[in-house]
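In this text, all values refer to a predicted model and were calculated from it rather than measured experimentally. Protein chains get the first letters and strands the later ones, always in sequence-line order, with residue 1 at the start of each.
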Amino acid sequence: MSNLEIRDLHVSVETELGTKQILKGVDLSIGEGETHAIMGPNGSGKSTLAYAIAGHPKYTVESGSVKLDGEEVLTMTVDERARAGLFLAMQYPVEIPGVSVSNFLRTAKTAIDGAAPPIRGWIKDLDSSMSQLRMDKSFRERNVNEGFSGGEKKRNEILQLELLKPKFAVLDETDSGLDVDALKIVSEGVNRAKANTGLGILLITHYNRILKYIQPDFVHVFVAGKVVEQGGPELAVRLENEGYDRFLSNAVVGS
Amino acid sequence: MPVQSRAERFTSTSVDDFEKVTGFEIEWKLTPITRITALIEGELDGSAPALTFSETPGVTAAWVDRTDARIGSAGAPEERASANAWSSFDKALAIDVTGEEPQEFVVTREATDSAPRAGHTVITAAPFSRGLVILRNSGDAQLTENVEIVVGDQAALTVVTVQEWNDESNHLASHFARVGRDARLRHVVVSLGGGVVRVNPSIHLVETGADASAFGLYFADSGQHLEQRVYIDHVAAQTKSRVKYKGALQGATARSVWVGDVLIGPHATGTDSYEENRNLVLSEGPRADSIPNLEIETGDIMGAGHASSTGRFDDEQLFYLQSRGIPEDEARRLVVRGFLAEIVAQIGSDDLETHLSAAIEAELSEAQGH
């Protein structure tokens, strides 16, 4: 059984005003096939957690560990983490001019698997995933994320999730900016990936809305750089009704 | 010194009309002139060089005398190296595009002669004709040349000049184009190899509805100086121009210069122009100059704009690619390849596009020491 263990993770970022502590001791354990929702107010450090796990150079890990099946992830390069089985679905995926979706996906798949995918099976998988995500075939020839709408970018993220078959995925506010139809399509994609590969999911969100489509096993409330409360799906409903106010009274919220 | 309009710049076909170059002139101040003194000031061999060209229906090519009526029909030198070539050539290569079915015509210069040379080429596209003329340069050369391009009414011509010279070669080229009524010129400069390579296209949109697209791609390594000065002269009304040059620089002494002058003259109402230069700096040390200039002499235009940027890799692009398992060096290659592919795709010749993609790949591998 795969697992992802985050222990006492402290992360800072350099700002114009000096070093700023964002994560202040995060502990999380995610097992194979489990879905953990991380919910919290803006500025609580949810996205920092996502990017620190993926290895974004902007963030400095001060202490703590992130282990994937017992292997320390924090000493790996960004691409090594991906090849080890981590995936980050980004909130704002960047455009890569001149690089087609099809070329990009094949290059990534080859890098992850260590060998080029057999061409016929690959095209079949690509067509099938794209069609389930309601992505027109013409997307294959478009440049990565260039001119994509918000919803198209998110679908493209989930397309990669389905094709690259990671062990654990961090979904960073994948629901933001999606209308209800797109939200359903994207959620179905995530659920398919989970059903097919036993994907473990860390789902970062501000709202309860996506949790109607992607059922969490655990909900963690994230405030001021750490987990302050944990529970089952019922906790998300309570947050929806009550908001985050009761967690904020004693906490200093980041800007 | 007062700012001089591009339109007022002195021109002459005689080298003696130009002062000795000091390096302080606006045309030369960004160029390492000591490396090309022989081409600017020296005696030049003006005989017809060994070129090969493809047999193509609808296109004829022949060596003609200096007195040929086509010579001088598209422009005249603005600086001494160009005038030196004009004063020195004995024979000009005249390429006539007459076919209305689009054809690809390739002139190949695989030079092995390092004596300083002068060259002259006149490309004439007859009214209504369609064609793609490719000038491919490789080998060892010291060359200063002029290329005249006349695009007849309603013709559509693409001219591509490719520089893949050896490191020691130096090449100065001035291209002069006149684009006729409702005619289209696509002009592409690709400079990958050579020591000092300077290609300066001046495109005059002289009749109503004339349309020009000027594209460029360069990849400068250490020791290379790749320069291009693009001049778009909107003379007539309802003319349109697009300029897009993209360059990559790698290595401590890699150097590039792009100057984009656009002049919208007093009669050029309803014109639409945009020019853009993007440079991607792949290592510590290179220098890229990027200077757009826009002169507008009429109030009634559709649009006129420019953009210029010179930057390192976008860290977010690299992070995105790496987060999908792609190793850093491969991610960098993917980004550069993608950056330059936009220009390659404008050429319109499958063979040449395939060749250039491979050549860029080789530059990238070399850059990374593989």
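No other option in A84(A), S100(A), P97(A), P57(A) has as many heavy-atom pairs under 4.5 Å with chain B as P97(A). Your options are T77(A), N145(A), L105(A), and the one with the most heavy-atom pairs under 4.5 Å with chain B is N145(A).
Residues from residues 108-130 of chain A that place a non-hydrogen atom less than 4.5 Å from a non-hydrogen atom of chain B comprise A108(A), A111(A), I112(A), given in numerical order. Near-neighbour residues of residues 147-175 of chain A relative to chain B, defined by a heavy atom under 4.5 Å from a heavy atom of that chain, comprise N156(A), E157(A), Q160(A), L164(A).
Of all heavy-atom pairs between A82(A) and S323(B), the closest is CB-O, 3.3 Å. Closest approach of A54(A) and F319(B) over heavy atoms only: CB-CZ, 3.8 Å. Smallest separation of non-hydrogen atoms from L334(B) and V99(A): O-CG2, 3.4 Å. When all heavy atoms of T107(A) and E330(B) are compared, the pair lying nearest together is CG2-OE2, 3.2 Å.
Aromatic rings from Y320(B) and F104(A) are positioned such that their centres are separated by under 6.0 Å.
The salt bridge (charged side-chain N to carboxylate O under 4.0 Å, His left out) check on R130(B) picks up nothing, with sequence neighbours excluded. In terms of the salt bridge (charged side-chain N to carboxylate O under 4.0 Å, His left out) criterion, residue partners of E361(B) (sequence neighbours excluded) are, by chain and number, R337(B).
Between E80(A) and P327(B), every side-chain heavy-atom pair lies at or beyond the 4.5 Å cut-off.
With rounding to the nearest 0.5 Å, the separation of CG in D79(A) from CZ in R324(B) is 12.5 Å. Atom CD1 of I96(A) is separated from atom CG of L321(B) by 4.0 Å, given to the nearest 0.5 angstrom.
Just one of K58(A), M90(A), E95(A), H56(A) meets the side-chain contact (heavy atoms from CB on, under 4.5 Å) condition when paired with E316(B); it is H56(A).
Interface residue F339(B): only backbone heavy atoms are found under 4.5 Å from chain A. With a threshold of 4.5 angstrom between heavy atoms, N103(A) approaches chain B through side-chain atoms but not through N, CA, C or O.
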